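This report concerns only the one structure given below.
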Amino acid sequence: MNANLLILDGNQVAAKIKEQLEARISRLATKGVVPCLATILVGDDPASTTYVRMKGNACKRLGIKSIRIDLPAETSTDQLIATIKQLNEDSEVHGILLQHPVPHHIDERAAFDSISIDKDVDGVSTQSFAQNAFGFAAFPSCTPAAIMAILEYYKLPVSGKHAVVIGRSPILGKPVSAMLLNKDATVTTCHSKTTELERFVRSADIVIAAVGKPNFVQGDWIKPGAVILDAGYNPGNIGDVDYEACLPYASAITPVPAGVGPVTIATLLKHTVDSAEKKQGI
Ligand code: NAP
């Protein structure tokens, strides 16, 4: 193992974000405002159910109100959008999160895009995505924002670095590519049709794994000294990076769990508080 290896501790970064929120939540309370996040879960996918419960618990621990809406798996796109529109109109709700993925028969993009931009604290709408690409989103997508927060917390340089992002989903790979580009990295975004993926990864100063395949990134793909952020979260708490195999090569790496995941949740809470403050004109 590299003697100077830095383990990027997501719990530490998340704790710092949450600590900064406490005073802001108390200040809102003096104005009679409790930040409120509404979470919609369609169907009963076990992993999604767990994520929604974790987010609800994280809200409670910090004094953020959390409303959970469970809809049956057979909910139609129109019914889901009607629910979202009610939450858009509800003046007590500051943030709306539609848990991804929704059942296949639902038009997820249409549902995401029906979330009011002011309440899109998970940064999933087309409008938030576009704002993020320009670098001024109020609420960038939470996992990409968490990745950037970890880089910033540990003061890891991004400008001028070659960042290779593996994955191009609209909630992760694409927005984090844009964020890295906006921080002056040279970005290569890889996907399932990329040929010679390993060649790109071998030239990366920063590797972002957002593939959804357990232990996908191999140790011998890693340039010595590279920084690795693993957004993957596969069944059994397994990341997209073969962690043990990458340790000898990396200069810094996020573990799974306790890496990107807790910072993603803390970012969601922060966005909900941001939204509540914005509504109060703070
Ligand atoms: P996704 O929508 O399934 O996207 C996966 C991406 O990986 C796609 O762009 C796909 O390419 C690409 N890909 C698949 N196989 C590949 C291969 N062999 N070589 C190169 N690229 C390949 O997944 P996602 O929602 O972005 O999530 C990715 C991972 O992050 C998952 O493990 C998920 O659980 C995790 N995640 C974690 C958090 C967190 O808070 N930590 C939040 C969200 C997601 P194509 O576009 O060509 O299909």
Side-chain angles (χ1 to χ4, degrees), residues 8-11 13-14 17 37 39 41 45-58 97-104 106 108-109 111-112 121-124 128-129 132 139-151 163-180 187-202 204 207-218 221 228-243 253-271:
L8 305 172
D9 181 350
N11 285 331
V13 183
I17 294 171
L37 175 70
T39 305
L41 175 65
D45 173 69
S48 294
T49 307
T50 304
Y51 298 148
V52 165
R53 193 178 52 244
M54 283 162 66
K55 288 165 189 170
N57 290 342
L97 178 135
L98 170 59
Q99 183 62 44
H100 161 86
V102 293
H104 290 304
I106 291 177
E108 184 176 77
R109 178 53 35 209
F112 279 157
V121 289
D122 202 23
V124 291
S128 293
F129 181 91
N132 181 56
F139 307 123
S141 188
C142 287
T143 305
I147 289 168
M148 299 309 290
I150 293 170
L151 289 167
V164 171
V165 179
I166 315 171
R168 59 171 168 180
S169 73
I171 58 160
L172 217 176
K174 278 181 189 162
V176 80
S177 296
M179 290 166 111
L180 289 159
V187 182
T188 303
T189 308
C190 301
H191 47 79
S192 66
K193 306 292 185 293
T194 299
T195 53
E196 299 187 73
L197 174 83
E198 296 165 37
R199 184 169 66 81
F200 290 111
V201 178
R202 282 197 177 102
V207 179
I208 311 287
V211 200
K213 291 192 187 303
N215 294 328
F216 180 79
V217 176
Q218 302 299 300
W221 298 3
I228 306 175
L229 291 111
D230 185 356
Y233 198 63
N234 304 289
N237 280 345
I238 297 169
D240 287 349
V241 170
D242 187 339
Y243 183 78
I253 187 167
T254 54
V256 176
V260 174
V263 189
T264 297
I265 293 182
T267 302
L268 177 69
L269 304 181
K270 177 184 175 297
H271 287 174

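Whatever order the structure lists ligands and atoms in, that order sets their numbers, starting from 1. Keep in mind it's a predicted model, so treat the numbers as computed, not measured. What's counted below: heavy atoms across the whole structure, side chains too, no hydrogens, waters or symmetry copies.
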Rounded distance (nearest 0.5 Å) linking atom NZ of Lys174 with atom CG of Asn132: 13.0 Å

Ranked by distance from atom 27 (O) of ligand 1, the top protein heavy atom is Leu172 CD1, 3.7 Å

Calculate, to the nearest 0.5 Å, the distance between atoms CE and OG1 belonging to Met54 and Thr264 respectively. 9.5 Å

What protein heavy atom lies closest to atom 15 (N) of ligand 1? Include the residue and the distance to one decimal. Lys213 CE, 3.1 Å

In this structure, CD of Glu196 is separated from SG of Cys190 (nearest 0.5 Å) by 11.0 Å

Say you draw a straight line from CG of Asp240 to NZ of Lys213; how long is it, rounded to the nearest 0.5 Å? 9.5 Å

Should you measure from each heavy atom of Asn234, which atoms of ligand 1 turn up under 4.0 Å away? 32 (O)

Picking from Val263, Thr254, Val207, Val165, what satisfies side-chain contact (heavy atoms from CB on, under 4.5 Å) with Leu229? Thr254

Ranked by distance from atom 47 (O) of ligand 1, the top protein heavy atom is Ser192 OG, 2.5 Å

Return the closest protein heavy atom for atom 19 (N) of ligand 1 as residue, atom name and distance. Phe216 CZ, 3.5 Å

Report, in ascending order of atom number, the atoms of ligand 1 lying under 4.0 Å from any heavy atom of Thr264. 39 (C), 40 (O)

Side-chain donor/acceptor of Gln218 to backbone N/O of Phe216, under 3.5 Å: yes

Distance in Å, Asp230 CG paired with Ile253 CD1, rounded so as to fall on 0.5 Å steps: 7.0 Å

Grab the two heavy atoms, one from Ala209 and one from Val217, that are nearest each other, plus how far apart they are. CB-CG2, 4.1 Å

Output the list of atoms in ligand 1 that are nearer than 4.0 Å to some heavy atom of Ala210, sorted by atom number. 5 (C), 6 (C), 7 (O), 28 (C)

Just how far is it from atom CG of Leu172 to atom CD1 of Ile166, taken to the nearest 0.5 Å? 12.0 Å

Heavy-atom nearest pair, Val121 first then His271, reads O-ND1, 2.8 Å

Would you check, one step at a time, whether the test side-chain contact (heavy atoms from CB on, under 4.5 Å) holds for Ile171 with Thr143? CA-CA 8 Å; Ile171 58 160; Thr143 305; over 6 Å; no

Min N/O separation Leu197 to ligand 1 under 3.5 Å: no

Of all the non-hydrogen atoms in the protein, which one sits nearest to atom 38 (C) of ligand 1, and at what distance? Thr143 OG1, 3.7 Å

Is it the case that ligand 1 has an N or O less than 3.5 angstrom from some N or O of Lys193? no

Ranked by distance from atom 4 (O) of ligand 1, the top protein heavy atom is Ser169 CB, 3.8 Å

Identity and distance of the protein heavy atom lying nearest atom 33 (C) of ligand 1: Tyr233 N, 4.1 Å

Is ligand 1 less than 4.0 angstrom away from at least one heavy atom of Ala231? yes

Please could you name the atoms of ligand 1 that Gly212 approaches to less than 4.0 Å, counting only its heavy atoms? 28 (C), 29 (C), 31 (C), 32 (O)

Counting from 1, what ligand 1 atoms have a heavy atom of Asp240 closer than 4.0 Å? 29 (C), 32 (O)

Pairs of nitrogen or oxygen atoms closer than 3.5 Å, one from Tyr51 and one from ligand 1: do any exist? no

May I ask which of Arg168, Lys174, His191 has a heavy atom nearer to atom 46 (O) of ligand 1 than the others do? Arg168

Atom 14 (C) of ligand 1 [closest protein heavy-atom partner, distance rounded to 0.1 Å]: Val211 CG1, 3.7 Å

